Amino acid sequence: MSTFRCDISISLDGFVAGPRQSVENPLGEGGERLHDWVVPLAPWREAHDKEGGDDNESARVVEEARQNVGAAVMGRNMFGPIGGGTWGEDPWRGWWGENPPYHYPVFVVTHHEREPLEMEGGTTFHFVTDGIESALEQAKQAAGDRDVMLWGGGQIIREYLATGLLDEIELHVVPVLLGGGSRPLDNLGDADVRLEQVRAVEAPGVTHLKYRVLPGAAER
């Protein structure tokens, strides 16, 4: 059975990106530190066509997260560029170069229509203008029996939590204080979000906290 899950690094004060995001600094000031734990790992390096890397508790968490994913959803701010807006004559092609590390269909929630963008390595970005429910439904159809990953950013994670559509969330908690930026777990309105802890894994520079989103986590 397909699972809709989220996997994201977060600071100790709850931010998934730092303040003052820009094209030059997409994760905001200090935001790159959120990924210091994952960049040296062998699974991360393999996904980015690099050799070698560390093998520790985090490597096994990352390997598990990469398994059985058939499609993904992300928000426009994560796809970029920062600030959004219309696509223009020379439309943005993402942060990842011509061979993004996904290798499956990715559905980008946006207000602006655009034809699908086929990249190298099996990644195709589809641009969805009729809401998060439609993006998830299209991703599930593309994934078949495999899982759908929610890659962020903070706003779209908050929206899926508030509507009760997310099944699991794993937070990679990094001992960093960013003091501002994008916080996915704030301002959930009247949503009754209830979580059940699945596991906690301590590793160098990070603690991995996995939760199941319980039924009833929906906007009231």
Side-chain angles (χ1 to χ4, degrees), residues 3-50 52-67 69 72-80 82 94-96 100-102 106 147 149-162 166-188 193 195-213:
T3 299
F4 183 38
R5 49 191 172 94
C6 180
D7 181 295
I8 196 162
S9 292
I10 190 167
S11 70
L12 199 59
D13 50 351
F15 295 97
V16 296
R20 291 173 284 281
Q21 292 175 267
S22 66
V23 172
E24 296 76 20
N25 197 9
L27 288 175
E29 295 178 4
E32 289 290 344
R33 291 185 291 165
L34 294 176
H35 298 136
D36 284 349
W37 66 272
V38 71
V39 173
L41 298 179
W44 186 93
R45 293 180 61 82
E46 179 184 353
H48 292 79
D49 298 320
K50 300 178 185 293
D54 297 341
D55 181 16
N56 56 30
E57 294 87 348
S58 288
R60 287 177 279 282
V61 169
V62 171
E63 286 172 344
E64 179 186 288
R66 291 176 54 195
Q67 293 175 358
V69 179
V73 176
M74 69 173 58
R76 167 66 192 274
N77 197 52
M78 180 169 177
F79 180 79
I82 301 298
W95 304 100
W96 308 277
Y102 301 108
V106 179
D147 294 344
M149 183 69 80
L150 176 60
W151 283 120
Q155 178 178 337
I156 200 167
I157 294 172
R158 184 163 55 247
E159 291 177 10
Y160 275 115
L161 273 174
L166 194 62
D167 297 315
E168 293 181 354
I169 184 168
E170 185 152 24
L171 303 175
H172 310 296
V173 183
V174 182
V176 167
L177 301 175
L178 295 179
S182 177
R183 297 182 76 169
L185 305 181
D186 279 3
N187 302 316
L188 289 167
V193 180
L195 305 175
E196 177 184 50
Q197 184 169 309
V198 175
R199 71 176 180 200
V201 178
E202 185 178 354
V206 64
T207 301
H208 309 282
L209 302 176
K210 187 173 184 178
Y211 300 94
R212 183 178 297 111
V213 183

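Remember, predicted model here, so these are calculated numbers, not experimental data.
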Are the side chains of [X] and [Y] in touch, meaning some heavy atoms are under 4.5 Å apart?
X: V198; Y: E168; result: no
X: V61; Y: V206; result: no
X: I156; Y: R76; result: no
X: N56; Y: P204; result: yes
X: V174; Y: D36; result: no
X: V39; Y: H48; result: no
X: V193; Y: L185; result: no

Does atom CD (E202) have a neighbourhood of more than 12 heavy atoms from anything else shown, all under 6.0 Å?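 Check fails, neighbour count at 12 or below.
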
Considering all heavy atoms, the nearest [X]-[Y] contact:
X: M78; Y: G153; answer: CB-N, 3.7 Å
X: G180; Y: P19; answer: O-CD, 3.2 Å
X: G154; Y: S182; answer: CA-OG, 3.4 Å
X: I82; Y: N77; answer: CD1-OD1, 3.7 Å
X: P175; Y: G205; answer: CD-O, 3.3 Å
X: S58; Y: A203; answer: OG-CB, 3.1 Å

To the nearest 0.5 Å, what is the distance between [atom1] on [X] and [atom2] on [Y]?
X: L161; Y: L166; atom1: CG; atom2: CG; result: 5.5 Å
X: L34; Y: I8; atom1: CG; atom2: CD1; result: 8.5 Å
X: C6; Y: M149; atom1: SG; atom2: CE; result: 8.0 Å
X: I157; Y: L171; atom1: CD1; atom2: CG; result: 8.0 Å
X: L209; Y: I10; atom1: CG; atom2: CD1; result: 9.5 Å
X: I169; Y: R5; atom1: CD1; atom2: CZ; result: 12.5 Å

Check whether [X] reaches the backbone of [Y] with its side chain - one donor and one acceptor, N or O, closer than 3.5 Å.
X: D167; Y: F4; value: yes
X: W37; Y: T207; value: no
X: R66; Y: P43; value: yes
X: R45; Y: D49; value: no

Identify, with sequence neighbours excluded, every residue that meets salt bridge (Lys or Arg N to Asp or Glu O under 4.0 Å) alongside [X].
X: D13; value: none
X: R212; value: E196
X: D186; value: R183
X: E64; value: R199, K210

Check whether the side chains of Q155 and E159 place a donor and an acceptor atom closer than 3.5 Å, and report yes or no.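 Q155 vs E159: donor-acceptor pair found between side chains.
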
Test of understanding: with side-chain hydrogen bond (donor to acceptor under 3.5 Å, both in side chains), list the residues that count as partners of W151, not counting sequence neighbours.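 For W151 the side-chain hydrogen bond (donor to acceptor under 3.5 Å, both in side chains) partners, ignoring immediate neighbours, are Y104.
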
Would you please test L41 and E46 for side chain to side chain contact (heavy atoms under 4.5 Å, CB included) and show each step? CA-CA 9 Å; L41 298 179; E46 179 184 353; over 6 Å; no

Could you pull out every donor-acceptor pair under 3.5 Å between side chains of residues 20-30 and any protein atom, sequence neighbours left out?
{"from": "R20", "atom 1": "NE", "to": "E29", "atom 2": "OE1", "distance (Å)": "3.3"}
{"from": "R20", "atom 1": "NE", "to": "E29", "atom 2": "OE2", "distance (Å)": "2.8"}
{"from": "R20", "atom 1": "NH2", "to": "E29", "atom 2": "OE1", "distance (Å)": "3.0"}
{"from": "Q21", "atom 1": "NE2", "to": "P26", "atom 2": "O", "distance (Å)": "2.8"}
{"from": "S22", "atom 1": "OG", "to": "E24", "atom 2": "N", "distance (Å)": "3.4"}
{"from": "S22", "atom 1": "OG", "to": "N25", "atom 2": "N", "distance (Å)": "3.0"}
{"from": "N25", "atom 1": "ND2", "to": "G28", "atom 2": "O", "distance (Å)": "3.3"}

Check the orientation of W96 and F79. Use parallel for under 30°, tilted for 30 to 60°, and perpendicular for over 60°.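 W96 and F79: tilted rings.
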
